[in-house]
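Notes follow once the structure below has been shown.
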Amino acid sequence: SVFVVRRNLPEKIPRLIESTDAEVQNQAGEVLVILHEIAREIQSVYFAEPSEELLALLNAKAKESGKSKGKKEKRIQHATFREILHWFEV
């Protein structure tokens with residue numbers, strides 16, 4: 001139901017974005033954008049603009065560095081999360 005989504009989504013998606021699996025992170029970010037896009041289109045009262053915490057998390061993923069991921073994986077992650085951040089700025 002919509003109530004279940006509204007109640008659980010704000011905490012579940014950021015947890016998935018913080019996953020250690022790069023594919024899960026990228027997919028969670030894309031799902032977040034899709035859900036917000038739908039909410040905007042139907043002018044839903046169930047979704048608010050992303051919180052400052054969520055935007056900070058997305059920004060961190062767009063700039064994340066480290067040796068635990070390969071170059072290609074980091075490049076895909078950075079591009080995905082830059083695009084997600086850009087979408088929220090529009």
Side-chain angles (χ1 to χ4, degrees):
S1 82
V2 173
F3 176 73
V4 172
V5 171
R6 183 179 77 171
R7 185 165 179 237
N8 294 313
L9 180 67
E11 63 191 46
K12 300 241 185 244
I13 296 290
R15 274 193 255 152
L16 291 173
I17 290 172
E18 293 173 336
S19 169
T20 57
D21 184 317
E23 186 65 24
V24 170
Q25 292 175 355
N26 295 339
Q27 294 298 318
E30 290 174 10
V31 166
L32 182 67
V33 169
I34 291 167
L35 291 173
H36 277 273
E37 174 91 11
I38 292 168
R40 283 182 182 174
E41 284 183 14
I42 64 172
Q43 298 177 343
S44 174
V45 296
Y46 296 108
F47 290 95
E49 290 301 313
S51 67
E52 291 298 318
E53 270 182 2
L54 179 57
L55 291 174
L57 174 61
L58 296 173
N59 191 43
K61 290 295 175 186
K63 297 177 180 177
E64 188 175 67
S65 63
K67 297 183 184 221
S68 63
K69 294 181 184 175
K71 284 184 180 182
K72 182 179 178 183
E73 217 176 10
K74 282 190 270 188
R75 189 172 49 248
I76 291 169
Q77 176 183 321
H78 293 165
T80 299
F81 284 95
R82 276 194 310 266
E83 188 174 321
I84 292 167
L85 280 169
H86 176 72
W87 186 88
F88 281 117
E89 291 171 354
V90 173

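For Glu30, the side chain to side chain donor-acceptor pair (under 3.5 Å) criterion is met by no residue, not counting sequence neighbours.
A distance of 11.0 Å separates CG of Leu54 from CG of Asn59, quoted to the nearest 0.5 Å. Lys71 NZ to Ile76 CD1: the interatomic distance, rounded to the nearest 0.5 Å, is 14.0 Å. Distance NZ/Lys61 to CG/Asn26: 9.5 Å, rounded to 0.5 Å.
Contact of the Glu64 side chain with the Phe81 side chain is not registered, since no non-hydrogen atoms from C-beta on lie closer than 4.5 Å.
Follow the hydrophobic side-chain contacts under 4.5 Å out from Phe88 and you reach Ile17 in the same cluster. A chain of hydrophobic side-chain contacts below 4.5 Å, direct or via other Ile, Leu, Val, Met, Phe, Trp or Tyr residues, connects Leu55 to Val31. Residues Leu35 and Leu58 are members of one and the same hydrophobic cluster, defined by side-chain heavy-atom contacts under 4.5 angstrom among Ile, Leu, Val, Met, Phe, Trp and Tyr.
The shortest non-hydrogen separation linking Ala28 to Leu16 is CB-CB, 3.5 Å. Smallest separation of non-hydrogen atoms from Ala62 and Leu85: CB-CD1, 4.0 Å.
A donor-acceptor contact closer than 3.5 angstrom is absent between the side chains of Gln77 and Glu73.
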Handout entry: Arg15 vs Glu18, salt bridge (Lys or Arg N to Asp or Glu O under 4.0 Å): CA-CA, chis, key distance, verdict
Key = CA-CA 5 Å; Arg15 274 193 255 152; Glu18 293 173 336; over 6 Å; no

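The residue from Leu32, Ile34, Ile38 that alone fulfils the side chain to side chain contact (heavy atoms under 4.5 Å, CB included) condition with His36 is Leu32.
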